[in-house]
Amino acid sequence: MVTGLLGKKLGMTQIFDSNNQAVAVTVLEVGPCGIVQVKTKDKDGYEAVQIGFQEVPERKLNKPKKGHLQSKQARLWRYLREVSGSPDNQVGALVDVGLFAKGDRVAVQGVSKGKGFQGVMKRHHYGGGPASHGSMFHRAPGSIGSSSFPSRVWKNKGLPGQMGGKRVTVRGLRVVDVREEENLLLVSGAVPGRVGGVVLVKKMEKV
Amino acid sequence: MNRLERLEESLMPKQTVPFFEVGDTVRVKQRVVEERVDGKKAEEPKERIQVFEGVVIARKGKRSNERFTVRKISYGVGVERIFPLHSPHIAGIEVVRKGKVRRAKLYYLRTKKGKAAKVAEREYTRFAKNNNKGKSSVTQSVASEQAGVAELQPSEASESV
């Protein structure tokens, strides 16, 4: 049993549910993922399973990755990720979308779209100033703290900088449909990252 | 066709939607579930059909996501509704009248009143878009035009000489 699978974002569409309501869904191509390595308490100090996604020809892999995969006698995968799982998994076994069922709650992890270096209004939803009437204060952050105390800027103060392009997890998405023969998973709502981006779909405990 | 499009194709309901175009007047039959007056849940939800009749002023989207906008004048007030074409709420679409229009989107009707806001009726029948008839005639006319140009050029050249 593994708790998550790797997949690819195919895009968004809408679907009519059993109440005839239109639901916005993201279509993910999930699995089949191969089990590459099983980490056990004795050997590694913790229990986990390494899974691989998207098979590639041998020439596409570099030597370290090829060596790792061949030493485990696993198939050649492009993407490797570690998820929690029990040690009774067999190396080489394949897990497909059937892991998920309609109505499950999942967390989806991906790399968000990069927005570049952004100011505080876009990045941290600051209010900004008036656009006109000669205010001379438009999109700047304004004061970033007090004077004699604390005499420094508080940690985590929202300031301009790189936005997006980092790992984001969206939790609590509902599985709307599972199509095992096509390896498709339809989850409600939006998922981080671009179309074609790799995502990790993890099972969530029932809330 | 990519995989998302193929999925959307598979989401389309089996029964076909009648052929209609922008400019046509349609009767959209919508299933409406009536709530009980006291707000409690009815044991057997009452379902009836509500009709919305008006001019189709836009069709947007593709495959299972296609939707259309219907505009009508209700007691002197313009009312527009956007329906998903394949919504299970839609019990049927009836074409009342074919319209003769030269635009894909009839948003200009919003600023018009009275007779100017009318769409002229079309008498000839147009074929569905997938029909090859329209396409081949277009290519034929282009070919004949090119032939005409080719014929003209030598005569012009001789005149200039």
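Each chain gets a letter, A, B and so on, in the order the sequences are listed, and its residues count up from 1. Please read these numbers as outputs of a predicted model, since none were measured by experiment.
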**Request:** Might you confirm whether atom CZ of B:R103 has over 12 heavy atoms from other residues, nucleotides or ligands at distances under 6.0 Å?
**Result:** no
**Prompt:** Taking C-beta and beyond as the side chain, do B:P84 and A:F16 meet within less than 4.5 Å on heavy atoms?
**Reply:** yes
**Prompt:** Atom CG in B:N2, atom CG in A:L10: separation rounded to 0.5 Å?
**Reply:** 8.0 Å
**Prompt:** Counting only heavy atoms not in A:K66, do more than 12 fall under 6.0 Å of its NZ?
**Reply:** yes
**Message:** Does either side chain, that of A:T13 or that of B:N65, offer a donor lying less than 3.5 Å from an acceptor on the other one?
**Reply:** yes
**Message:** Heavy-atom count check: over 12 atoms from other residues, nucleotides or ligands less than 6.0 Å from A:E181 CD?
**Reply:** yes
**Message:** I'd like to know whether CZ of B:R48 has more than 12 heavy-atom contacts from other residues, nucleotides or ligands below 6.0 angstrom.
**Reply:** yes
**Request:** For the pair B:R3 and A:V27, evaluate side chain to side chain contact (heavy atoms under 4.5 Å, CB included) and give the outcome as yes or no after the intermediate values.
**Result:** CA-CA 9 Å; B:R3 294 195 63 184; A:V27 183; over 6 Å; no
**Fill in**
Rounding to 0.5 Å, atoms CD (A:Q14) and NE2 (B:H86) come to a distance of 10.5 Å
**Prompt:** Between A:N20 and B:R31, is a side chain to side chain contact (heavy atoms under 4.5 Å, CB included) present by the stated rule, with each step listed?
**Reply:** CA-CA 11 Å; A:N20 291 345; B:R31 288 194 192 95; 5.8 Å; no
**Prompt:** Rounded to the nearest 0.5 Å, how far apart are CD1 of A:I15 and CG of B:L11?
**Reply:** 4.5 Å
**Prompt:** How about B:I82: does its CD1 atom have over 12 heavy atoms from other parts shown lying under 6.0 Å from it?
**Reply:** no
**Prompt:** In Å, rounded to the nearest 0.5 Å, how long is the span from CG of B:L4 to NZ of A:K9?
**Reply:** 11.0 Å
**Request:** Count the heavy atoms belonging to other residues, nucleotides or ligands that lie under 6.0 Å from CZ of A:R167, then report whether that count exceeds 12.
**Result:** no
**Message:** Would you compute the distance between atom CD of A:E182 and atom CZ of B:R6 and round it to the nearest 0.5 angstrom?
**Reply:** 8.0 Å
**Message:** More than 12 heavy atoms of other residues, nucleotides or ligands under 6.0 Å from NZ of B:K29: yes or no?
**Reply:** no
**Asked** How far apart are the closest heavy atoms of A:Q21 and B:H89, and which atoms are they?
**Response** NE2-NE2, 4.1 Å
